[in-house]
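What follows is a single structure, written as structure tokens, with notes after it.
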Amino acid sequence: MTMTITPHWFLPTTGDGRTIVERFHANRSLGPVAQREPTIDYLAQIARAAEQLGFEGVLTPTGTWCEDAWLTTAALIRETKRLKYLVAFRPGVISPTLAAQMAATYQRISGGRLLLNIVTGGDSIEQKRFGDFHDHDQRYARTDEFLTIARGVWSGEPFDFTGEHLSVEGATVLAPPDPVPPLYFGGSSPAALPVAARHADVYLTWGEPPAQVADKIRRVRELAEARGRTIRFGIRLHTLSRDTSAEAWAEAQKLLDALSPEQVAKAQAQLAASESEGQRRMVALHGGGLDRGVRGLEIHPNLWAGIGLVRGGAGTALVGSHGEVADLIEEYHSLGIEEFVLSGYPHLEEAYWFAEGVLPELAHRGLLRGTRDQRTALREERHVAAQ
């Protein structure tokens, strides 16, 4: 049976807009151009659109500058019927038993729509804000213990564990989650990969060029197979697709034009301080400068590194015509990538551009699971609602 693609979208809980970061009026004394606040109504609009357009789930980020992912997505459960919520959280700042309890509750009240994104954290400055003073490798060792405990709690039997960083006695929950939420896990360092091999259901990578992604998949797969496990693979990317390639690159140019050298320099200074190996690899792709021009930041056909000039984390985008973007997705898919966690600026409009332009291309190639059945069901629902 041919492996198919599962598309996900993104909830911008830091706010949204037509630029990557806050843009200013030509007369800077007038202040920033208004961006979209991450109100529950706006996020619900994106979530409903993602569901209607055929996305499987939505990733909700974690960190100082965004709304809490657990609370935000819990508020959105009743706004959707099938959409899953990929909740990012940091295992170092919450009890593993409490997290297991929250996940079990979430599965019951959502009807099994929780996915968990484990973010160990690569920025010591931010970790310290939350009271976490572990170093990089200690954080991954603690994540290993955290996930061991969480899975033990979900077993349905009282669970004891004594580790270097975490210990519990008789840890349990009211009832195990059904199903147990899949664990999505990212990390590129030598400390991260063995933890992924032991615990991840889906290993997530940022959008590096295909050759680098292939190497990472190979290493994680070998580590997992040595433990008797099989792991699926996913990738986190932005997307900017249009009816023609020229239109898409013109939109990328607009995103670049809205950035100032000062914004780029400030962002790069902050990103350079990160201990994250994945972040280091993202920065290395673009070289940190605006002077390369929009096409100079194309690091592989239709893979653009311009977003990483000012945005931490995922810094690359699929840019091109709908067919070209589908071609690059198919290239990643051929390496073993099944799940694509996507986003764009603004997130509401770009969800439509991708779903109405690229998803039909992927469906035509036989790469999209259940697209026709899902859209037929949606049309029938709308027909019934209109009667």
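No hydrogens, no waters, no symmetry mates; every other heavy atom, side chains included, goes into these values. Residue numbers count from 1 along this sequence.
Counting only distance, with no hydrogens or angles, the side chain of S334 and the backbone of E331 share a donor-acceptor pair below 3.5 Å. Counting only distance, with no hydrogens or angles, the side chain of S321 and the backbone of D243 share no donor-acceptor pair below 3.5 Å. In this structure, the side chain of N302 does not engage the main chain of V325 through any donor-acceptor pair within 3.5 Å. E361 places no side-chain N or O within 3.5 Å of a backbone atom of A326 that could act as its donor or acceptor partner. Judged purely by atom type and a 3.5 angstrom limit, R229 uses its side chain to pair as donor or acceptor with the backbone of A200. Although no hydrogens or angles enter the test, the distance criterion places a donor-acceptor pair under 3.5 Å between the side chain of Q263 and the main chain of S260. A donor-acceptor pair is defined here as one N or O able to donate and one able to accept, closer than 3.5 Å; such a pair exists between the side chain of Q107 and the backbone of L114. In this structure, R198 contributes its side chain and R227 its backbone to no donor-acceptor pair below 3.5 Å. Of the possible donor and acceptor atoms, none in the side chain of H199 sits under 3.5 Å from a partner among the backbone N and O of A196.
Side chains of T6 and E338: no donor on one and acceptor on the other come within 3.5 Å. No side-chain N or O of D16 forms a donor-acceptor pair with one of Y345 less than 3.5 Å apart. Under 3.5 Å, the side chains of E247 and T244 contain a donor-acceptor pair of N or O atoms. Using modelled atom types and a 3.5 Å distance limit, the side chains of T80 and R113 yield a donor-acceptor pair. Checking T143 against T120 by side-chain atom types alone, a donor-acceptor pair falls below 3.5 Å. If you check the side chains of D41 and Q45, you find no donor sitting under 3.5 Å from an acceptor.
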List the steps and the verdict of side-chain hydrogen bond (donor to acceptor under 3.5 Å, both in side chains) for T72 and E67.
CA-CA 7 Å; T72 302; E67 299 288 11; 5.5 Å; no
Could you check L359 against F354 for side-chain contact (heavy atoms from CB on, under 4.5 Å), going step by step and ending with a plain yes or no?
CA-CA 7 Å; L359 289 187; F354 183 85; 3.6 Å; yes
List the steps and the verdict of side-chain contact (heavy atoms from CB on, under 4.5 Å) for L367 and E330.
CA-CA 8 Å; L367 296 176; E330 190 167 7; 3.8 Å; yes
Before giving the answer on side-chain contact (heavy atoms from CB on, under 4.5 Å), spell out for E79 and E51 the whole-Å C-alpha distance, their side-chain angles and the decisive distance to 0.1 Å.
CA-CA 10 Å; E79 300 283 345; E51 180 171 80; over 6 Å; no
Evaluate side-chain contact (heavy atoms from CB on, under 4.5 Å) for L43 paired with T60, printing each intermediate quantity in order.
CA-CA 10 Å; L43 295 175; T60 312; over 6 Å; no
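Separation of atoms CD1 (I217) and OG1 (T205) is listed at 7.5 Å; rounding is to 0.5 Å. Atoms CZ and CG, on R311 and L259 in that order, are 13.5 Å from each other to the nearest 0.5 Å. Here the CG-NE2 distance, from L362 to H322, works out to 11.5 Å after rounding to the nearest 0.5 Å. Taken from CZ in R142 to CZ in R90, the straight-line distance is 11.0 Å, to the nearest 0.5 Å. The distance from the CZ atom of R48 to the NZ atom of K81 is 12.0 Å, given to the nearest 0.5 Å. S110 contributes atom OG, which lies 12.0 Å from atom CZ of R78 (distance to the nearest 0.5 angstrom).
Using a 4.0 Å cut-off between charged nitrogen and carboxylate oxygen, E350 and R18 do not count as a salt-bridge pair. Using a 4.0 Å cut-off between charged nitrogen and carboxylate oxygen, R219 and E222 do not count as a salt-bridge pair. The pair K254-E251 meets the salt-bridge criterion, since a charged nitrogen lies less than 4.0 angstrom from a carboxylate oxygen. Ionic pairing of R218 and D215 is present here: one or more N-O contacts between side-chain nitrogen and carboxylate oxygen are shorter than 4.0 angstrom. Look at R365 and D327 and you find a salt bridge, because one of the NZ, NE, NH1 or NH2 atoms lies within 4.0 Å of a carboxylate O, short of that distance. A salt bridge links E349 with R36: the distance from a Lys NZ or Arg NE/NH1/NH2 to an Asp or Glu carboxylate oxygen falls below 4.0 Å. Of the charged side-chain nitrogens involved, none lies within less than 4.0 Å of a carboxylate oxygen, so that K266 and E262 do not count as a salt-bridged pair. Under a 4.0 Å N-O distance rule, the pair E56/R82 does not qualify as a salt bridge. The pair D201-R151 counts as a salt bridge, with a side-chain nitrogen and a carboxylate oxygen less than 4.0 angstrom apart.
Judged by a 6.0 Å distance limit and a 45° cone about the ring axis, R236 is positioned over the six-membered ring of F10.
Put simply, the side chain of P210 reaches to within 4.5 Å of the side chain of H300, judged on heavy atoms. Counting heavy atoms from C-beta outward, V195 and F185 have side chains that approach closer than 4.5 Å. The side-chain heavy atoms of V319 and T239, taken from C-beta on, include no pair separated by under 4.5 Å. In this structure, S167 and F161 have side chains that are not in contact, with every pair of non-hydrogen atoms separated by 4.5 Å or more. P12 has its side chain within reach of I46: a pair of non-hydrogen atoms, C-beta onward, lies under 4.5 Å apart. With contacts defined as side-chain heavy-atom distances shorter than 4.5 Å, the pair K216/S188 qualifies. Taking the side chain as every heavy atom from C-beta outward, D144 and T148 approach each other to under 4.5 Å. I235 is not listed as a side-chain neighbour of W206, based on a closest heavy-atom distance of 4.5 Å or more.
Between L318 and I329, the closest heavy-atom pair is CD1-CG1, 3.8 Å. In this structure, L59 and A88 approach most closely via the heavy-atom pair CD1-CB, 4.3 Å. Annotation for E208 and Y332: closest pair O-OH, 2.6 Å, computed over non-hydrogen atoms. For the residue pair A103 and P181, the shortest heavy atom distance occurs at CB-CG, 4.2 Å. Of all non-hydrogen atoms in G57 and L83, the two that sit nearest each other are CA-CD1, 3.8 Å. Residues T172 and P158 share a closest heavy-atom pair of CB-CA, 4.3 Å.
Aromatic ring orientation, W70 versus Y106: perpendicular (interplanar angle above 60°, classes split at 30° and 60°). Under the 30°/60° scheme for interplanar angles, the aromatic rings of H8 and Y184 are found to stand perpendicular. Using the six-membered ring where Trp is involved, W304 and W249 have ring planes that are perpendicular, over 60° apart on the 30 and 60° scheme.
A chain of hydrophobic side-chain contacts below 4.5 Å, direct or via other Ile, Leu, Val, Met, Phe, Trp or Tyr residues, connects V358 to F55. With hydrophobic clusters built from ILVMFWY side chains whose heavy atoms lie under 4.5 angstrom apart, L204 does not share a cluster with L328. Hydrophobic cluster membership is shared by I149 and V180, with clusters built from Ile, Leu, Val, Met, Phe, Trp and Tyr side chains linked at under 4.5 angstrom. Tracing side-chain contacts under 4.5 Å through hydrophobic residues (I, L, V, M, F, W, Y), one reaches Y352 starting from L237; they form part of the same cluster. Linking ILVMFWY side-chain heavy atoms closer than 4.5 Å, directly or via other members, places V168 and I94 in a single hydrophobic cluster.
In this structure, H364 places its NE2 atom where only 12 or fewer heavy-atom neighbours from other residues, nucleotides or ligands lie under 6.0 Å away.
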